[in-house]
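Worksheet for the structure shown next.
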Amino acid sequence: MKILEDKILERGKVIDNKILKVDDFFNYQIDIFVLQEVAKFIASRFDHIDKILTLEVSGIAFAVAVAYEFGNIPVVYGKKVESSTTINDDNYICTVHSFTHNVDNHIFLRKSFLKPSERILIVDDFLAYGNAAMGLIDICKQAGATVVGIAAGIEKEMQGGRKRIEALNIPVISAARIIGFKDNKPIFSKENY
Ligand code: 5GP
């Protein structure tokens, strides 16, 4: 999506040819216009979604924008804790390795928020190795809910998340698809998103 790619080129900062910081417009400070355009694009690619599932914190704003485009469907988000000992049986739990912070987080979500009949779109700000998405897919599986797709604002395709998810026959859509970094500059895919 040109508007997001342009914004990344203009305002993004790449660290060590690995991490892309988009703090100025997509994470800590959010450009609402860009967010809404990206959300419109994502929502146009999926049908019949009952609920959006994301992960705190950075997925929430984007997930809310996408949900609004579907006509106000609910957003639920997994919460992260480093120790699982305080999580009771009312919750689904999975473990997700965070590559940006190099820690394992336990993700939990109250069981009553997901139903077996529901069609779920998993949304996150970034898709990289796919650990967060795989964890949320696992939670949907525990609930018996159907994962209709994974949608990311920004994808770093070279880190392999897409391959892992597509191997499960789950479609992946991202609004900016980065295939590599060179001299701390992103290279975007020419393929259809
Ligand atoms: P994954 O689990 O797919 O490896 O990474 C996805 C999660 O890690 C996202 O929730 C995102 O917050 C964070 N993340 C991964 N790579 C980046 C990055 O390059 N920049 C930022 N800002 N976050 C990232």
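Remember, it's 1-based here, ligands and their atoms both numbered in the order they're listed.
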| Heavy-atom gap Gly130 to ligand 1 smaller than 4.0 Å | yes

| message | Salt bridge check, Arg162 against Glu155: does any charged N sit closer than 4.0 Å to a carboxylate O? | response | yes

| query | Considering only the protein, which heavy-atom contact is closest to atom 4 (O) of ligand 1, and what is its distance? | reply | Tyr129 N, 2.9 Å

| note | The protein heavy atom nearest to atom 20 (N) of ligand 1 is Leu20 O, 2.7 Å

| said: One residue to check: Thr100. Relative to ligand 1, which of side chain, backbone, both or neither has a non-hydrogen atom less than 4.0 Å away? | reply: side chain

| task | Mind checking whether Ser58 contacts ligand 1 via backbone (N, CA, C, O), side chain (CB onward), both or neither, at a 4.0 Å heavy-atom cut-off? | result | side chain

| said: Below the 3.5 angstrom mark, is there an N/O of Ile19, backbone or side chain, next to an N/O of ligand 1? | reply: no

| query | So, the side chain of Lys111 versus the backbone of Asp89: is there a donor-acceptor pair under 3.5 Å, distance only? | reply | yes

| query | Do you know the tightest heavy-atom contact between Leu53 and Cys140? | reply | CD2-SG, 3.6 Å

| request: Looking only at distances, please establish whether an N/O atom of ligand 1 is found under 3.5 Å from an N/O atom of Ala128. | output: yes

| field | Proximal ligand 1 atoms for Asp124, defined as those under 4.0 Å from one of its heavy atoms | value | 9 (C), 10 (O)

| said: I'd like the name of whichever of Tyr28, Phe181, Phe126 reaches closest to atom 21 (C) of ligand 1 through any heavy atom. | reply: Phe126

| So, does Gly59 sit close enough to ligand 1 that a heavy atom of it is under 4.0 Å from the ligand? | no

| query | Does Lys51 come within less than 4.0 Å of Glu118, counting only side-chain N to carboxylate O? | reply | yes

| Going by atom types only, do Thr95 and Asp104 share a side-chain donor-acceptor pair under 3.5 Å? | no

| What pairs meet the ring-ring contact (aromatic ring centres under 6.0 Å, His included) rule with one or both residues in residues 121-170, with sequence neighbours excluded? | Phe99-Tyr129

| Asn27 touching ligand 1 at heavy-atom level, < 4.0 angstrom | yes

| note | Atoms of ligand 1 under 4.0 Å from any heavy atom of Asp125, numbered from 1 in the order shown, are 9 (C), 10 (O), 11 (C), 12 (O)

| field | Close N or O approach (Leu127, ligand 1; < 3.5 Å) | value | no

| query | Closest approach of Ala65 and Leu35, non-hydrogen atoms and distance? | reply | CB-CD2, 3.8 Å

| N-O pairing of Arg11 and Asp24 below 4.0 Å | yes

| Are any of the N or O atoms of Lys156 closer than 3.5 Å to those of ligand 1? | yes

| Which other residues end up in the same hydrophobic cluster as Ile179, if Ile, Leu, Val, Met, Phe, Trp and Tyr are linked when side-chain heavy atoms come under 4.5 Å apart? | Ile187

| said: Using a 4.0 Å cut-off to any heavy atom of Ala132, which atoms of ligand 1 qualify? | reply: 2 (O)

| request: Measure across Lys80 and Leu55 and return the closest heavy-atom pair with its distance rounded to 0.1 Å. | output: CE-CG, 3.9 Å

